[in-house]
Protein chains: 2
Amino acid sequence: MALEPQTQNTPTHMRRRLVLSAGDDISRCLLCDIREHSVCNAINDKELAILAHASKSLSLPPGTTLVEEGSPATAFFNVTAGTVKLFKSLPDGRRQITGFADVGHFLGLTNSSTYSFGAETVDTVRVCRFSRAELENLLTDYPLFERRLLAEVTDELAQAQEQMLLLGRKTARERVASFLLARMVVHSTPEQGEEAIVSLPMTRVDIADYLGLTIETVSRTISALRREGLIAGTDHHGIRILALQKLQALTSGQEYS
Amino acid sequence: MALEPQTQNTPTHMRRRLVLSAGDDISRCLLCDIREHSVCNAINDKELAILAHASKSLSLPPGTTLVEEGSPATAFFNVTAGTVKLFKSLPDGRRQITGFADVGHFLGLTNSSTYSFGAETVDTVRVCRFSRAELENLLTDYPLFERRLLAEVTDELAQAQEQMLLLGRKTARERVASFLLARMVVHSTPEQGEEAIVSLPMTRVDIADYLGLTIETVSRTISALRREGLIAGTDHHGIRILALQKLQALTSGQEYS
DNA sequence: CTGTGGGCTTGATTTAGATCAAGGTGCAGT
DNA sequence: ACTGCACCTTGATCTAAATCAAGCCCACAG
């Protein structure tokens, strides 16, 4: 059964990590500019004060642990800025990143009383934090909220299935191409016109752990795509897509000749 | 947004495949002996007639297509007997089985208007079929039903994450050991005592497509485990686990010496 | 500036698992 | 009871990606 009420004590090691930020007032959610991209949008304007009361907004530096694998599941998060990585590990340290939670994404849901995954900030991240009881209340009081959450989990499951196809059956080249396209955003600039940009706040290690490869293979594959003129590097952690069609063909093995 | 109402016409190629079985009466759900293992349990006894009316029970031979990748998402299924395989494919035929839906499992949920995955029966399967509108109604009329469904999808997501760890980071040996243990059921017989049995209704091809391996590697690995005395074959499509501890250690790479 | 370390790239070599190939096994249909 | 075929096993060889190894780039502390 999902989200049964359970003990509410926040372990001290969690409390230590979470730094309450300024501006935590009653109209926080009303003013939140990413609301429409998240589950919070399921609650109407008049009642947003309740939502603001039920959650706390936090700002977290890169590399902060939000969720520790196997620790009691007491908190849930909505990402309002930055990127969070979700992962699972093996005893010997091998790690699989199961997803990146960007702006608007909800994370932490579990049926068990402990988290079956870890979560860590990639860059500077803003989250709204809900306790288990607060989330329970929202679910029962706002059917639209629950419906929206069901939609979000359903979507995450579809993405997970896509990623299983990638991990089980795609080549390194296909994996990297798929990854770049999945993270692509089209930037419309007055000078340049349409620009397909991929922002990569995470390290090569993270990309490798997400794609089930080694950093060397990721590096080599990106270099090869650049050499072939399909992509180009931007300033820091970014990539510009030059040959969208070819890259799209590449994701499913229809290699151009 | 999840499960918005949409056009209701069942494509003829689906209708052809689905054979209505006998005994589709008002008390079908009340008498259903797997109810407690499924989402249907969220609806109380008095109202089960409504559920029986909202769904149709079908019996399907092995190899029947329940859901075609990319086709309009009009139907949802609850498995009441047998095993269904869920998968995604690439244009060149490579396939990844993303999960096996056994008794009690619900399948077909999607946010999009088309299915992003395929589903096919492994053995003889019984399902209860809901139309999109019927499911919509149940979700809005029975909050417990929706909550239970959220729990089920959340659980499926956790399993998907576990499978991503397997596909991205485990060796062939670890994958096979994980698979066998995940499908293990403990049979308590008067003569034999406790017996750990794995029933494998699916073919080697299916197992390979689930574990991201080839049939040859699956076959070789199972043979190796048998040679080492960790498992033994039963009559047909079954395996008996002889060394549970060792197999458990194997799933996460803690090889016994 | 200058050393230090984290992150990235590139090259050489190895290897786990894929691919290619050849039977074996068992049951469904005549 | 024979035969055809789908499914499985085992062996030989190949290869994509891992591993091992070296050096580069650059942000930051001293």
Side-chain angles (χ1 to χ4, degrees), chain A residues 61-63 85 90 92-97 122-123 166-180 198 200-228 231-239 250 253 255, chain B residues 61-63 85 90 92-96 120 122-124 166-179 198 200-228 231-239 250 253 255:
Chain A
K85 59 189 177 200
L90 289 169
D92 62 4
R94 279 174 289 171
R95 191 182 62 150
Q96 179 64 38
I97 291 183
V122 168
D123 45 14
L166 180 149
L167 293 169
R169 291 299 182 216
K170 289 189 182 179
T171 66
R173 220 171 142 76
E174 290 163 1
R175 291 181 201 207
V176 170
S178 302
F179 176 66
L180 294 179
V198 182
L200 302 172
M202 67 292 290
T203 65
R204 290 288 186 271
V205 176
D206 286 342
I207 298 174
D209 281 350
Y210 181 55
L211 299 180
L213 300 169
T214 58
I215 46 168
E216 292 95 331
T217 299
V218 170
S219 189
R220 272 188 254 274
T221 308
I222 290 178
S223 296
L225 294 178
R226 186 163 32 222
R227 213 177 312 119
E228 295 164 31
I231 60 173
T234 64
D235 39 355
H236 5 208
H237 268 245
I239 278 178
L250 238 175
E255 198 75 51
Chain B
K85 58 189 177 199
L90 289 169
D92 62 4
R94 280 175 288 171
R95 191 181 64 149
Q96 179 64 39
E120 198 180 309
V122 168
D123 45 14
T124 300
L166 179 148
L167 292 170
R169 291 300 182 216
K170 289 189 182 179
T171 65
R173 221 172 140 75
E174 289 162 3
R175 291 180 200 207
V176 170
S178 302
F179 176 66
V198 182
L200 302 172
M202 67 291 290
T203 65
R204 290 288 186 271
V205 177
D206 287 341
I207 298 174
D209 281 351
Y210 182 55
L211 299 179
L213 300 170
T214 58
I215 46 167
E216 292 95 331
T217 300
V218 170
S219 189
R220 274 189 254 273
T221 308
I222 291 178
S223 295
L225 294 177
R226 186 164 29 223
R227 212 177 312 119
E228 293 165 32
I231 60 173
T234 63
D235 38 355
H236 6 210
H237 266 245
I239 278 178
L250 238 174
E255 198 75 51

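Throughout, protein chains are lettered first and strands after them, A, B, ... in sequence-line order, and every chain is numbered starting at 1. Computed from a prediction, not measured in an experiment: that's the story for all the values here.
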| query | Can you tell me if B/R226 uses its side chain to pair, donor with acceptor, with the backbone of B/I231 under 3.5 Å? | reply | no
| query | With a non-hydrogen cut-off below 4.0 angstrom, is B/G233 in contact with a base, only sugar-phosphate, or nothing? | reply | nothing
| query | To the nearest 0.5 Å, how far apart are CD in A/Q96 and CG in A/L90? | reply | 9.5 Å
| message | Under 4.0 Å from OP1 or OP2 of D/dT9: is there any side-chain N or O of B/S219 that close? | response | yes
| request: Find the distance B/R169:CZ to D/dT19:C1' and express it as a whole number of Å. | output: 13 Å
| query | Can you check the A/R94 CZ to D/dT19 P distance for me, whole Å? | reply | 10 Å
| message | Counting only side-chain heavy atoms from C-beta out, which of D/dT19, C/dT19, C/dA18 sits nearest to A/E216? | response | D/dT19
| query | Can you tell me how far the CG atom of B/D209 sits from the CE atom of B/M202, to the nearest 0.5 Å? | reply | 12.0 Å
| When you measure from the side chain of A/I215, which nucleotide among D/dA17, C/dT9, C/dT10 comes out closest? | C/dT9
| said: Classify B/T203 by what it touches in the nucleic acid, base, sugar-phosphate, or nothing, heavy-atom distance under 4.0 Å. | reply: sugar-phosphate
| message | What I want to check is whether an N or O donor and acceptor connect the side chain of B/R226 with the base of D/dT10 at under 3.5 Å. | response | no
| Which nucleotide sits closest to the side chain of A/H237: C/dG17, C/dC8, D/dA18? | C/dC8
| query | On a plain distance test, is the side chain of B/R220 in donor-acceptor contact with the base of D/dG11 below 3.5 Å? | reply | yes
| message | Could you tell me how far apart A/L213 (CG) and C/dT9 (P) are, to the nearest whole angstrom? | response | 14 Å
| task | Quickly work out the A/I222 CD1 to C/dG7 P distance and round it to whole Å. | result | 16 Å
| remark: Here the distance between atom C1' of C/dG17 and atom CZ of B/R204, to the nearest Å, is 17 Å
| request: Check the distance between C/dG7's P and A/M202's CE and give it to me in whole angstrom. | output: 14 Å
| request: Report which part of the nucleic acid B/S223 touches: base, sugar-phosphate, or nothing (heavy-atom distance under 4.0 Å, all strands). | output: sugar-phosphate
| message | Expressed as a whole number of angstroms, how long is the span from B/L167:CG to C/dA16:P? | response | 19 Å
Under 3.5 Å, which donor-acceptor pairs link side chains of residues 210-224 of chain A to any protein atom two or more places apart or in another chain?
| unit_1 | atom_1 | unit_2 | atom_2 | d |
| --- | --- | --- | --- | --- |
| A/T214 | OG1 | A/T217 | N | 3.3 |
| A/T214 | OG1 | A/T217 | OG1 | 3.1 |
| A/T221 | OG1 | A/T217 | O | 2.6 |
| A/S223 | OG | A/S219 | O | 2.9 |

| request: Using the test salt bridge (Lys or Arg N to Asp or Glu O under 4.0 Å), find all partners of A/R94 that sit at least two apart in sequence or belong to another chain. | output: A/D92, B/E174
| Quick one: B/I239 CD1 to D/dC8 P, roughly how many Å, whole number? | 11 Å
| query | Phosphate oxygens OP1/OP2 of C/dA16: is one of them under 4.0 Å from a side-chain N or O of B/T171? | reply | no
